[in-house]
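What you see is a predicted model; the values in this text were computed from it and never measured.
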Amino acid sequence: MAAINLVLAAILLAPVFGLQDIDHANGEPERLNNQLNTESIRVLPQGFESTPAATPAALAAPVCVAYDNLNSDQAKLLTARAQGLGETVNVREEGGTPSYWVNIPPQGGKQGAERRSAQLKQMGVDDFFTVQDSGATQYAISLGLYHTEAAAKRQIESLQQKGLRTAVISVRENTGLNTRVELTGPSDVLQKMGQELADQLKGAEQAACQLSQ
């Protein structure tokens, strides 16, 4: 009976003295290691499950871009380039339109022009130049050239607010022909083409136009 009691006591006291079943001791850490096996863990990005499949980029909507005041060579170059890209091109030649020149008429020759230039700077007007070419307008002070009379009048009003009262508007008739080219196509294609031809299209005016129905 005493021997049986000793065996039972040994079994009960084994955990207290750090003794445990070999299979149990080896099995539990292994199970934990399997649970924490970092090599098999994959971290998914936030919202991964709800991310929709990628879709093709939408095609750029067509736009209409017009170039005005082109000479014949510029019009041919622009038309050929656009047609080479497969874009729709409309070409129209129209009579030249007048321009409106805001200026201070010449008076007192070169010295008079120098005096007026100094006065303009004192008024805070810096955007001007003195005409040097010989002729009726030599030593006039140019204050801007505008395509519409309304724009020229706005410049006159702005100068008057600064105290200038001697500026006038002179109409310059343009009897030559200019060419208008209208291009229809994707905005990115037309923008890239315009940038590539910027040097060859100097002097032309670019604006939006209406898409043909």
Listing, residues 117-126 side-chain donor-acceptor contacts under 3.5 Å, not counting sequence neighbours, or none:
residue: Ser117; atom: OG; partner: Ala113; partner atom: O; Å: 2.9

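Atom CD of Gln111 has 12 or fewer heavy atoms from other residues, nucleotides or ligands within 6.0 Å. Counting heavy-atom neighbours within 6.0 Å of Glu205 CD, excluding the residue itself, gives a total above 12.
Closest of all the heavy-atom pairs between Pro186 and Glu87 is CD-OE1, 3.4 Å. Summarising the geometry of Leu183 relative to Leu190, their closest heavy-atom pair is O-CD1, 3.8 Å, with the distance given to 0.1 Å. Closest non-hydrogen pair, Ser187 versus Val63, comes out as CA-CG2, 3.7 Å. Residues Ala167 and Val102 approach most closely at CB-CG1, 4.4 Å, considering heavy atoms. Contact detail for Ile141 and Arg116: the closest heavy-atom pair is CG1-NE, 4.0 Å. Nearest heavy atom pair, residue Gln74 against residue Gln200, reads NE2-O, 3.1 Å.
Considering only heavy atoms from C-beta on, Tyr100 comes within 4.5 Å of Val171 through its side chain. With contacts defined as side-chain heavy-atom distances shorter than 4.5 Å, the pair Thr137/Trp101 qualifies. A 4.5 Å side-chain heavy-atom check between Asn71 and Thr179 finds every atom pair outside the cut-off.
Thr79 places a side-chain N or O within 3.5 Å of a backbone atom of Ala75 that can act as its donor or acceptor partner. Checking side-chain atoms of Thr148 against main-chain N and O of Ala151 turns up a donor-acceptor pair under 3.5 Å. At distances below 3.5 Å, not a single donor-acceptor pair connects side-chain atoms of Gln206 with backbone N or O atoms of Ala66.
Distance check: Phe129 CZ to Ser142 OG gives 3.5 Å after rounding to the nearest 0.5 Å. Note that the CG atom of Leu85 and the NZ atom of Lys192 stand 9.0 Å from one another [nearest 0.5 Å]. The CG atom of Leu78 sits 12.5 Å away from atom CG of Asp73, with the distance rounded to the nearest 0.5 Å. Distance check: Phe128 CZ to Ile104 CD1 gives 8.5 Å after rounding to the nearest 0.5 Å.
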Go through Val131 and Tyr139 one step at a time and tell me if the side-chain contact (heavy atoms from CB on, under 4.5 Å) criterion holds.
CA-CA 5 Å; Val131 177; Tyr139 300 127; over 6 Å; no

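Between Leu143 and the options Leu164, Val168, Ile169, a side-chain contact (heavy atoms from CB on, under 4.5 Å) holds for only Leu164.
Scored by the side chain to side chain donor-acceptor pair (under 3.5 Å) test, Glu182 finds Arg180 as partners (sequence neighbours excluded). Every residue meeting the side chain to side chain donor-acceptor pair (under 3.5 Å) condition with Glu196, not counting sequence neighbours, appears here in chain and number order: Arg81.
With respect to Glu149 and Lys153, a salt bridge is recorded, a charged nitrogen being found less than 4.0 Å from a carboxylate O.
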